[in-house]
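When reading the values below, keep in mind they use all heavy atoms of this one structure, side chains included, and skip hydrogens, waters and symmetry mates. Numbering of residues begins at 1 and proceeds along the displayed sequence. Numbering of ligands and ligand atoms starts at 1, following listing order. These figures come from a predicted structure and were not determined experimentally.
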Amino acid sequence: MHSKDMISMFDIDANAVWKIFKITDSLIQKRLAMEDYTPLKGKSVALIFQKPSTRTRVSFEVGIWQLGGNPIYLSPEEVGLGTRESVADIARVLSRYASAIVARTFSHEDMETLAKFASVPVISGLSDMFHPCQILADIYTVWKHKGSIVDVNLAYIGDGSNNVSHSLIVGCAIMGMNISVATPSDYPPNQAILEKARDIALKTGSKIEIFEEPSQAALGADVLYTDVWTSMGQEEETEQRRKIFKEYQINNTLIEMANKDCLIMHCLPAHRGEEITNEAIEGPGSIVFEQAENRLHVQKGILVFLMC
Ligand code: CP
Ligand code: NVA
């Protein structure tokens, strides 16, 4: 099961994820063999961004180019989503030029409007609610390291109410991975998302737990994952969040509570000394740069899966 778009992890099921991972593996092999494989030849992909980006923009542009396609990037000022022009009009216009749209928006409603009015696939490069491409690359990375996904215990330490937390919860539920979230009581995951994820988890055997104490989530973890305390768009809350999230840090004490050989993950950009110590991100368990590299490979898999 999958929809025309990939704007949240609810758009796909485990079958579709495994198909994307299989395509990803074959694309990596083709690249290593220097095989000329250009399934996006003659196709353009519009990238419309309302927020800054390093990984998402560059990995999509490079990926589209490697597949023989033509990426066209529009900055926040150029696209003026909902200000220069309505979201619905932009979706309909771009659908007449491009074969897919990659979008980074503030509100998830804008992402949904884009998907509704575009006749081509819309792929989320992050909204305030979800970050599906990140989480697909993350699960792929865990799979490559652990050799399995089911029965892996992932602990997310940080802002439980943000896009990465939500997508991790849904992604783990779909794939049968266990997830423990440690978040301050005022920053719980969105209730509706959590309930939907719990319904899915009942069928896949995934265990979803929400704690307030980082140590409770870290106990028995195979993967410790964190993200910034202050997400894009919340800059005014930075100082307040620094106080509230002070204890929500991946550091050596927390790593010692987790399982031996625990992997350390972060979607990046990282704020060393806040949500993660320099020691932890540079330590032996850290796979953050491999995680970042896999954005490129898995997103190529998503493009081929949705467009070819
Ligand atoms: N992880 C991630 O999406 O990074 P960017 O914000 O740099 O794209
Ligand atoms: N939660 C972060 C993720 C950045 C990739 C943000 O939205 O800023």
Item to check | Residue, atom name and distance, where the atom is the protein heavy atom closest to atom 8 (O) of ligand 2 | outcome: M232 N, 2.8 Å

Checklist entry - For ligand 2, which part of T56 has a heavy atom less than 4.0 Å away: the side chain, the backbone, both, or neither? => result neither

Checklist entry - Under 3.5 Å, is there a donor-acceptor pair linking the side chains of H266 and Q291? => result no

Checklist entry - Is there a nitrogen or oxygen of T230 sitting under 3.5 Å from a nitrogen or oxygen of ligand 2? => result no

Item to check | Short N-O contact, R84 and E77, less than 4.0 angstrom | outcome: no

Item to check | ring pair (Phe, Tyr, Trp, His ring centres under 6.0 Å) between H108 and F130, worked out | outcome: CA-CA 8 Å; H108 192 66; F130 296 109; 4.9 Å; yes

Checklist entry - side chain to side chain contact (heavy atoms under 4.5 Å, CB included) with P71: which residues, sequence neighbours excluded? => result L47, E61, I64

Checklist entry - In terms of side-chain heavy atoms, does N294 have a donor or acceptor partner in T141 at a distance below 3.5 Å? => result yes

Next on the checklist: Taking salt bridge (charged side-chain N to carboxylate O under 4.0 Å, His left out) as the cut-off, I'd like each qualifying pair that reaches into residues 116-139, sequence neighbours left out, listed once.
Outcome noted: K51-D128

Next on the checklist: Which label fits W229 and F245: parallel for a plane angle under 30°, tilted from 30 to 60°, or perpendicular past 60°?
Outcome noted: parallel

Checklist outcome for this item: Quick note on ligand 2: atoms under 4.0 Å from a heavy atom of L268 include exactly 5 (C)

Checklist entry - Are any of the side-chain nitrogens in D89 or R92 under 4.0 Å away from the carboxylate oxygens of its partner? => result yes

Checklist entry - What protein heavy atom sits nearest atom 3 (C) of ligand 2, and how far away is it? => result D227 OD2, 3.6 Å

Checklist entry - At under 4.0 Å between heavy atoms, which part of L126 makes contact with ligand 2: side chain, backbone, both or neither? => result side chain

Next on the checklist: Under 3.5 Å between any N/O of N163 and any N/O of ligand 2: does that happen in this structure?
Outcome noted: yes

Checklist entry - What residues form a side chain to side chain donor-acceptor pair (under 3.5 Å) with E247, not counting sequence neighbours? => result none

Checklist outcome for this item: Under 4.0 Å from ligand 1, residues with heavy atoms, in chain and number order, are S53, T54, R55, T56, R104, H131, Q134, C267, L268, R295

Next on the checklist: To the closest 0.5 Å, what do you measure between OG (S231) and CG (N162)?
Outcome noted: 4.0 Å

Next on the checklist: Judged on heavy-atom distance to atom 6 (C) of ligand 2, which of G125, P269, S231 sits nearest?
Outcome noted: S231

